[in-house]
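No hydrogens, no waters, no symmetry mates; every other heavy atom, side chains included, goes into these values.
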Amino acid sequence: MPLFKRKLYALSEPPQDLKASELVFQVRFTKEIFRDYQEYLKRINLYRQRVWTCKVTWKSNLTYEEALVSERRATEKIQHFPKEFMGPVLNMVQFSVIRLEELVNNIYKAFKDRFVVGEEIVGVQGDFTQPCKILKVIPVDEKLENDSFHYEVGWLDGDKNISRTSVDSAERLMRRKNPFTRALLKSFIRESAINISARGALWLVQEKLCRKYKILADPPEELRQLIGKQEPKDQAVNGGAKREHSEDAVNESQLTVKRRKKDKDVLKVEGGETKKEEQVLKENSEKVKSIRYPIDDLLVQPSVDNSQFTERPIPSSDFPLSMDCVGNLLMVWNFCTSFCRALHLSPFSLEEFERSLEYREGESPILRESNFALLRTALTDPVMYQTFAQKRRRKTEVSLQTWKDDLCDFLEAECVERFSSYISTIRRGYYRQLEPAAKLDILQALVVWALGSDVIRGQLDQYIEEKQAIVAQKRKEGSARVKEEQEQLGLAHPVVVEQAISEASTRVYPEENNLERVSDDEGLPANKDITMNGWLSNDGAALHGGSSSLSENGDIGDGIAVSSRQSKVKLKAAMEQAEEEERQKRRIEEQKQSQEKRKAQAEALRERRLQEKKLVELQRRQEHLEREMEKRVIRLNPLGKDRNYNRYWFFQREGRIFVESEDSCTWGYYGAKEELDAFYHSLNPKGIRERALQKQLEKHFAKISEALQRRSKEIAQRIASEECSVRRSSRVKSTLRPTGFLAYVNKYRN
């Protein structure tokens, strides 16, 4: 039963002393009975408000009927929950004090790698697998977790009979798929248990399920006080009637008056008497939750946001033919242009077709070719051709020269009563004098007969196969395109470029201390250290000690001083030389790094351009596949519907959007780009139908805009050419050539 604002709603009791002959009002989906019509209307209005919640899935913002449908569908899904898991799962749910999401996760993880009695799985035997069934769960160590179970399994033969048994560990057993999903588990818990805790959670399994699966129904001592203090979460909301809910087993009389006064969703009790039902329904209607869009278009109420929508333009309705002919006109024209190759009929524009139907001064080539092509295609059906040949007066084959007589014979063979008046007129040679509606009626019948022919059905089968192949190719190239875009984004990212540059820089020679690389030609000994005070050998202390002892002799000291000055000069020159070599080497290394950096950048740029080129080719290929799919027309569907159920049609070869009323009696069209823009911005996305229509217009906006602009340009050029022909000098005498629909030539006939 749906929940009213997430609380249980009890239905009204039938009136007492109800007589069998008494006229009452009954709610269709709840079977509630009311004597008073106003009470019935108020209850219906309450059920139509979006304040109801599905008890199984907890989907909110629903009407009562929508919640009932949601519960029925969810219950059907719950029936697929594996029966062997019901007992173990409910054992874990009973007396659980955690929230639903956490409870679902814990149960899902617990049974992900654990098997239960009665479950059919697959066991490994050597290099092969064989189906088996869990007969018994054997715990190895109670201190360990789920991985410490062994299982007694029965191996199944081809007839699902147990051939032998064995005890195996969990490593040798596996499932083909998970027994249930988290969503299914959540729905099962909501359907099978009750949450009676106002804060946190306290789950109690239904009593009938406890008895069925032998689950402990008496709570532990520490939970009894908690259960006694908690109040049921699913409370009955109705006209103050006291009743016990079968699932909750909770009597409403246990609710205190203080609790009822605090709860705004429950009727207030004053002096043992309840409020009047009218006041309750009024309060409930004022507490409607905010609407979640999109909803049905007719339920969308005017709001401040409506100011952003432009005024919807009025469609033009200046069709040359009467309004009741427009639907058949579009159907016949679209069929002839869509299957032009199969019919051997060159395509023509809708405007030319309209003028041909109106033309009465002679024979229109479009109507002549169309009637002959449809008649010839319809006669490809063997049954229809046999009937036609038996009732025909002449034995000659159908031809373009005798198409009128052939058409009359065909209509007579089909014994259609409404064509009897047309046949006599056509036989007298006055086909052109028929009304446009009569000509269109004949063409429509020929289209219906041609649809049953092997030619059109074969073409449809071919289109279906080709479209399936195109869709598969499109899907394949779409995945390749996504991959190319990801690779392109990866190559274009600066981090990738810097990484390539850093890798290139690590390939140069490592830096060395070049003081030891000075050559001996410069007067520097190898493997020696240079300091500002002089030369230091490996035994530097002895050298300094010797120089100090020799300095006691004056002459020798002067010589040593001179040699010391010379050594300093040499040392300075050597250091300058070493610094110059160091700078030279650094310049060489910097040049190498810059070369590697430029090389890495050029390589990344070249790779990025290559990916861009591939991406452009894939886009062109996708556009080509889209065009190929559009050519293979199987069934044309409207773009969508607006809030008033008006349908909007767009044809590939006609630069207009046609508007069809709900009853198909009124037609109109938008023929300018400005009208398309105004119509698009007038759609309200809060409605389901107009949102879908807006998405379709967005998808095909470029194509529709191009068709509208092309048609406007063609009309302007035709008007200009007509004005030029009028201004032409009357002194120029030349034979008038047929123009427009009279100049039509069927290039596909042969």
Which atom pair, heavy atoms only, marks the closest approach of Arg190 to Val56?
-> CD-O, 3.1 Å
Within the 6.0 Å centroid threshold, strictly below: Phe353 and Trp333 = no
Using distance alone, with no hydrogens and no angle criterion, decide if Arg647 and Ser664 have a side-chain donor and acceptor under 3.5 Å apart.
-> yes
Rounded to the nearest 0.5 Å, how far does CZ of Phe339 lie from NE2 of His344?
-> 14.0 Å
Nearest heavy-atom contact between Cys336 and Leu343 is CA-CD1, 4.0 Å
Start with the C-alpha distance between Asp461 and Arg457, add both sets of side-chain angles, then the distance that settles salt bridge (Lys or Arg N to Asp or Glu O under 4.0 Å), and finish with yes or no.
-> CA-CA 6 Å; Asp461 294 339; Arg457 290 191 175 277; over 6 Å; no
Result of checking Asn684, Asp296, Asp642 against Arg689 for side-chain hydrogen bond (donor to acceptor under 3.5 Å, both in side chains) | Asp296
Spacing of CG belonging to Asn334 relative to CZ belonging to Phe651, to within rounding of 0.5 Å | 5.0 Å
Tell me, do Arg609 and Lys613 make a side-chain contact under 4.5 Å, heavy atoms counted?
-> no
Quick one: are Tyr9 and Leu3 in side-chain contact, heavy atoms under 4.5 Å?
-> no
May I ask you to decide if the ring planes of Phe658 and Tyr669 are parallel, tilted or perpendicular, using 30° and 60° as cut-offs?
-> tilted
Does atom NZ of Lys59 have more than 12 heavy-atom neighbours from other groups under 6.0 Å away?
-> no
Does Leu298 CG have over 12 foreign heavy atoms under 6.0 Å away?
-> yes
Side-chain heavy atoms of Gln652 within contact of Thr337, under 4.5 Å = no
When you look at Glu654 and Arg711, which way does the salt bridge (Lys or Arg N to Asp or Glu O under 4.0 Å) test go after all the steps?
-> CA-CA 8 Å; Glu654 179 63 23; Arg711 180 177 180 273; 3.6 Å; yes
Taking only Lys NZ, Arg NE, NH1 and NH2, and the carboxylate oxygens of Asp or Glu, determine whether Arg432 and Glu361 approach each other closer than 4.0 Å.
-> no
Looking at CD of Glu66 and CG of Leu68, how far apart are the two atoms once the value is rounded to the nearest 0.5 Å?
-> 10.5 Å
Salt bridge (Lys or Arg N to Asp or Glu O under 4.0 Å) between Arg360 and Glu435, intermediate numbers included | CA-CA 9 Å; Arg360 296 188 178 185; Glu435 294 292 332; 2.8 Å; yes
Donor-acceptor pair, Glu71 side chain versus Lys55 backbone, under 3.5 Å?
-> yes
Aromatic contact, Trp667 with Phe319 (centres under 6.0 Å) = no
Any donor-acceptor N/O pair, Ser453 side chain to Ala450 backbone, under 3.5 Å | yes
Audit row: Asn644, Glu662, side-chain contact (heavy atoms from CB on, under 4.5 Å) steps and yes/no | CA-CA 7 Å; Asn644 298 320; Glu662 182 183 3; over 6 Å; no
Is the closest side-chain heavy-atom distance between Leu345 and Leu374 below 4.5 Å?
-> no
How many angstroms lie between CG in Asn328 and CG in Leu443, if you round to the nearest 0.5 Å?
-> 10.0 Å
When you check the side-chain N and O atoms of Ser316 and Asp318, is any donor under 3.5 Å from an acceptor?
-> no
Heavy atoms, side chains only, cut-off 4.5 Å: are Val398 and Trp403 in contact?
-> no
Specify whether Phe679 and Tyr670 have parallel, tilted or perpendicular ring planes, treating 30° as the upper limit for parallel and 60° as the lower limit for perpendicular.
-> tilted
Of Ile426, Val332, Val447, which is the lone residue that meets side-chain contact (heavy atoms from CB on, under 4.5 Å) with Ile442?
-> Ile426
Verify the distance criterion only: is there a donor paired with an acceptor across the side chains of Trp649 and Glu660 at less than 3.5 Å?
-> yes
Below 4.5 Å, heavy atoms only, C-beta onward: do Glu65 and Arg48 meet side chain to side chain?
-> no
Worked verdict on Asn178 versus Tyr108 for side chain to side chain donor-acceptor pair (under 3.5 Å) = CA-CA 10 Å; Asn178 291 332; Tyr108 188 82; 3.0 Å; yes
Can a cation-pi geometry be assigned to Arg355 and Phe741, taking NZ or CZ under 6.0 Å from the six-membered ring centre and within 45° of the ring axis?
-> no
With a 4.5 Å limit on heavy-atom distance, are the side chains of Tyr359 and Leu367 in contact?
-> no
For Tyr47 and Glu32, does a side-chain donor sit closer than 3.5 Å to a side-chain acceptor?
-> yes
Distance-only, no hydrogens or angles: does the Tyr744 side chain make a donor-acceptor pair with backbone N or O of Ser346 under 3.5 Å?
-> yes
Hey, is the main chain of Thr377 close enough, under 3.5 Å, to the side chain of Thr380 for a donor-acceptor pair?
-> yes
Measure the CG-CD distance between Leu62 and Gln49 for me, rounded to the nearest 0.5 Å.
-> 13.5 Å
Got a sec: does the NZ of Lys703 have more than 12 other heavy atoms crowding it under 6.0 Å?
-> yes
Does a side chain donor of either Tyr748 or Arg341 reach within less than 3.5 Å of an acceptor in the other side chain?
-> yes
For side-chain contact (heavy atoms from CB on, under 4.5 Å), just list the numbers for His700 and Leu639, CA-CA rounded to whole Å, side-chain angles, deciding distance to a tenth of an Å, and then say yes or no.
-> CA-CA 9 Å; His700 305 286; Leu639 292 173; 4.2 Å; yes
Quick one: CZ on Arg376 to CG on Leu446, what's the gap to the nearest 0.5 Å?
-> 13.0 Å
Test Tyr680 against every option in Gln694, Glu675, Glu698 by the side-chain hydrogen bond (donor to acceptor under 3.5 Å, both in side chains) rule and name the one that passes.
-> Glu698
Taking NZ, NE, NH1 and NH2 as the nitrogens, is one of them in Arg312 or Glu690 under 4.0 Å from a carboxylate oxygen of the other?
-> yes
Report the C-alpha distance between Lys186 and Glu101 in whole Å, list the side-chain angles of each, state the deciding distance to 0.1 Å, and finish with yes or no for salt bridge (Lys or Arg N to Asp or Glu O under 4.0 Å).
-> CA-CA 8 Å; Lys186 183 184 293 186; Glu101 295 293 338; 2.5 Å; yes
Among side-chain atoms of Asn371 and Tyr431, is any donor-acceptor pair under 3.5 angstrom?
-> yes
Of the non-hydrogen atoms in Pro320 and Glu358, which two are nearest, and what is the gap between them?
-> O-OE2, 3.1 Å
Crowded around Tyr385 OH? As in, over 12 foreign heavy atoms under 6.0 Å?
-> no
Closest non-hydrogen atoms of Arg653 and Pro347, given as atom of the first, atom of the second and distance, are NE-CB, 4.5 Å
Applying side chain to side chain donor-acceptor pair (under 3.5 Å), run through Ser661 and Asn646 and close with a yes or a no.
-> CA-CA 5 Å; Ser661 63; Asn646 296 322; 5.3 Å; no
May I ask you to test the Pro294-Val300 pair for a side-chain heavy-atom distance under 4.5 Å?
-> no
May I ask you to decide if Ala678's main-chain N or O and Thr310's side chain share a donor-acceptor pair within less than 3.5 Å?
-> yes
List the steps and the verdict of side-chain contact (heavy atoms from CB on, under 4.5 Å) for Leu375 and Trp449.
-> CA-CA 9 Å; Leu375 178 61; Trp449 287 321; over 6 Å; no
Grab the two heavy atoms, one from Asn105 and one from Arg182, that are nearest each other, plus how far apart they are.
-> OD1-NE, 3.2 Å
